[in-house]
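Residue numbers start from 1 in every chain, and the chains themselves are labelled A, B, ... in the order their sequence lines are given, proteins ahead of strands. Atom set for the values below is all heavy atoms of this structure, side chains included, hydrogens, waters and symmetry mates excluded.
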There are 2 protein chains.
Amino acid sequence: MRSNVTMRDIANKLGVSSVTVSKALNDKDGVSEELKEKIKLLAEEMGYRFNTHAKSIKDGLSYNLGIVIPERFTGTTQSFYLQFYQMLTKILDGYHYSGILYILGQEDEDQLILPRIYNEKKVDGFIILGQIGNEYVKEIQKIDSPVIFLDFYTDQNEIDSVLTDNFFGGYEITNYLVENGHKKIAYVGNIYATSSIQDRFLGYYKSLLEHRIELRQDYIIYDRDERGKYIDIVFPDDMPTAFVCNNDEIAYNLINNLQKNGYQVPEDCSVVGFDNSIFAALTEPLLTTVEVNIKEMSKAAVKIIMEKLHNPNEKYGRTLINGKIIHRNSVKKLS
Amino acid sequence: MRSNVTMRDIANKLGVSSVTVSKALNDKDGVSEELKEKIKLLAEEMGYRFNTHAKSIKDGLSYNLGIVIPERFTGTTQSFYLQFYQMLTKILDGYHYSGILYILGQEDEDQLILPRIYNEKKVDGFIILGQIGNEYVKEIQKIDSPVIFLDFYTDQNEIDSVLTDNFFGGYEITNYLVENGHKKIAYVGNIYATSSIQDRFLGYYKSLLEHRIELRQDYIIYDRDERGKYIDIVFPDDMPTAFVCNNDEIAYNLINNLQKNGYQVPEDCSVVGFDNSIFAALTEPLLTTVEVNIKEMSKAAVKIIMEKLHNPNEKYGRTLINGKIIHRNSVKKLS
DNA sequence: CTGAAAGCGCTTACAG
DNA sequence: CTGAAAGCGCTTACAG
């Protein structure tokens with residue numbers, strides 16, 4: 001029962017032309033209200049479905065956008081990007097666009113093989129979600145469709161990107177600790193490892209500066225080596241009252257570690273994280289953390305790429321979106 | 001620099017017809033090898049990209065498949081389905097198909113609103129990933145495109161589905177414990193809560209039967225009420241030496257619980273789980289568990305839907321795929 | 001307000 | 001081996 005109802009079928013039944021049906025179904029001028037209603041009703045009744053391909057072939061647009069996630073981000077820890085995808089498609093819907101999720105295999109990334117959906121003109125542009133190799137960035141910049149990078153930035157190339165404001169997030173969460181009476185605040189992370197760890201640290205530092213709290217070298221606690229491998233955390237002799245962790249996983253490890261050493265959280269030590277990932281839900285007590293604002297970032301990314309669709313040559317640069325603090329139970333107010 | 005190279009452009013440059021170019025690019029007969037090579041080379045050079053829409057409009061196929069995931073499975077715990085999607089698209093690639101991930105909002109599910117990609121003929125069929133409401137199942141069964149259900153089954157309707165063999169998995173993992181010398185084996189789960197918990201339990205029971213081990217009612221340990229809400233686990237007076245948990249999250253909770261009560265895992269008690277989810281990586285020691293065979297399930301699902309594309313009326317029924325045991329450190333061999 | 005004609009980029013069936 | 005003609009389902013620009 002493959003339905004192949006076309007506009008012509010509707011037109012024939014009504015004794016009008018397919019042009020009129022097209023106008024009616026698209027709510028365009030040039031059809032009487034009465035006829036328009038009649039056409040819409042009949043279309044519904046006959047189970048008519050619009051054939052996007054016919055439109056696509058006319059105006060050279062697929063009304064699909066490729067959303068690319070490198071496969072290394074699809075492991076068990078990373079449902080994060082799936083939530084991004086969900087939000088992106090919801091927003092694209094308002095533009096009458098659909099999203100096509102394309103998971104970029106490591107091999108294709110290494111060999112600079114572009115997504116097949118590009119070569120088959122199934123998409124009008126790309127949103128790249130997460131860090132990809134620099135060579136691939138260059139390659140995808142060359143294509144004749146707009147591209148925007150989401151949650152990833154590189155200064156090697158001039159790219160348009162939408163990012164969470166790591167600096168501001170570090171600043172705000174530290175402010176929050178200060179407001180709760182903390183002065184002995186440590187930062188947990190290797191500040192040479194990645195730019196997001198670094199930026200979050202600098203936000204932490206700015207908060208200290210503003211509140212005239214000295215930056216202590218023994219309060220910068222390393223959690224990994226420069227290649228990213230986690231190392232054992234060493235506590236300073238003079239224990240801090242609060243820890244700003246560069247992500248939730250580290251916060252999770254830190255809390256377990258503190259508890260094994262007889263410290264209570266948050267009674268003895270407050271701990272905050274970043275990301276609001278699964279790990280923030282596994283700590284006991286539940287973790288106060290900074291959540292990436294998926295909705296606003298998605299909105300911004302879609303808005304920019306839609307504009308790029310019409311102005312391919314305009315540059316949009318970096319767009320920073322603030323995260324938001326999720327208040328839970330891992331911070332104690334000091335009196 | 002929007003490239004709009006068409007077959008005609010290539011044809012004109014070479015002084016041949018677009019029919020010949022079409023044949024050459026599609027590796028069809030009726031063009032000399034020499035000319036074919038020349039055409040392919042020039043196409044490459046001119047940056048030609050195939051326009052799927054033109055083909056689609058001819059043969060009424062979009063060469064896309066909708067992969068639908070209900071949004072409640074996109075939370076932080078569920079990267080599982082993203083891995084499925086990745087595998088599915090990899091396999092679809094071999095059929096020259098692309099996947100379109102469609103996340104079904106709760107509201108749309110309740111109101112029985114079909115995906116827009118269906119109404120716009122952007123897909124030729126659907127793979128439904130995970131449990132959806134019965135009314136929605138009925139609704140989507142009505143459409144004139146093939147549908148297959150993956151990792152979900154209902155006996156309310158006659159549906160074609162691909163499932164992991166929970167029964168066999170329960171059987172195998174219990175056999176494994178028996179092989180390791182265990183006789184006092186408990187099952188953790190409410191056997192009235194879901195059919196997968198039930199089937200896994202029955203597999204466990206079959207293994208006991210085969211090995212002439214008595215099924216003890218006090219060794220069926222409830223982990224949740226019938227509405228699925230987790231409850232505190234109560235240990236039997238006569239402690240088992242091994243626990244078969246109905247999923248990894250429960251195993252994670254159980255292990256923590258055991259350790260708090262002074263039992264060592266696996267020295268005092270062995271524990272196994274199901275799913276190989278993130279929780280299997282968070283236990284200390286790492287959890288031995290049964291992994292869903294994503295690859296074989298995906299292969300089967302794609303194969304069936306491709307056949308349904310050509311034989312819309314054939315019934316395929318339920319296809320069961322065995323899981324596989326992932327050996328880690330939570331089982332002790334009893335001497 | 002309504003519609004005939006032409007065209008989007010490709011493929012199929014046929015003729016040479 | 002090569003290509004002219006027709007058509008897939010829709011829309012645009014124009015004529016009435």
(message) Please compare B:Val19 and B:Ala54 by the position of their nearest nucleotide in DNA chain C and report the one closer to 5'.
(response) B:Ala54
(message) According to side-chain hydrogen bond (donor to acceptor under 3.5 Å, both in side chains), who are the partners of B:Glu71, at least two apart in sequence or on a separate chain?
(response) A:Gln86
(request) Just grab all the salt bridge (Lys or Arg N to Asp or Glu O under 4.0 Å) pairs involving residues 17-26 of chain B, residues at least two apart or on different chains. (result) none
(message) Filter on salt bridge (Lys or Arg N to Asp or Glu O under 4.0 Å), then keep only pairs touching residues 149-158 of chain A, sequence neighbours left out; what's left?
(response) none
(message) Restricting to salt bridge (charged side-chain N to carboxylate O under 4.0 Å, His left out), what partner residues turn up for A:Glu314, sequence neighbours left out?
(response) none
(message) Checking A:Tyr102 now: which residues fulfil ring pair (Phe, Tyr, Trp, His ring centres under 6.0 Å) with it, not counting sequence neighbours?
(response) none
(request) Please list, by residue number, the residues of residues 22-39 of chain B whose heavy atoms come closer than 4.0 Å to an atom of DNA chain D; answer none if no residue qualifies. (result) B:Lys23, B:Gly30, B:Val31, B:Ser32, B:Leu35
(request) On DNA chain D, check which nucleotide each of B:Lys58 and B:Val16 is closest to and give me the residue with the more 5' one. (result) B:Val16
(request) Identify, with sequence neighbours excluded, every residue that meets ring pair (Phe, Tyr, Trp, His ring centres under 6.0 Å) alongside B:Tyr97. (result) B:Tyr63
(message) Show me, range against range, the stems involving DNA chain C, built from at least 3 consecutive Watson-Crick or G-U pairs below 3.5 Å.
(response) C:1-3 with D:14-16, C:5-12 with D:5-12, C:14-16 with D:1-3
(message) Looking only at side-chain N and O atoms, does A:Asp144 offer a donor or acceptor that is under 3.5 Å from a partner on A:Tyr118?
(response) yes
(request) Applying salt bridge (charged side-chain N to carboxylate O under 4.0 Å, His left out), name anything that partners A:Asp27, two or more places apart in sequence or on another chain. (result) A:Lys36, A:Lys40
(request) For B:Lys55 and for A:Gly15, locate the closest nucleotide of DNA chain C by heavy-atom distance; then report the residue assigned to the nucleotide nearer the 5' terminus. (result) A:Gly15
(request) Taking heavy atoms of chain A and a 4.0 Å limit, find me the 5'-most and 3'-most nucleotide of DNA chain C within that range. (result) C:dC1 to C:dG9
(message) Once salt bridge (charged side-chain N to carboxylate O under 4.0 Å, His left out) is applied, do any residues pair with A:Lys55, and if so which ones, sequence neighbours excluded?
(response) A:Asp59
(request) Check salt bridge (charged side-chain N to carboxylate O under 4.0 Å, His left out) between B:Lys303 and all other residues, then give those that pass, not counting sequence neighbours. (result) B:Glu307
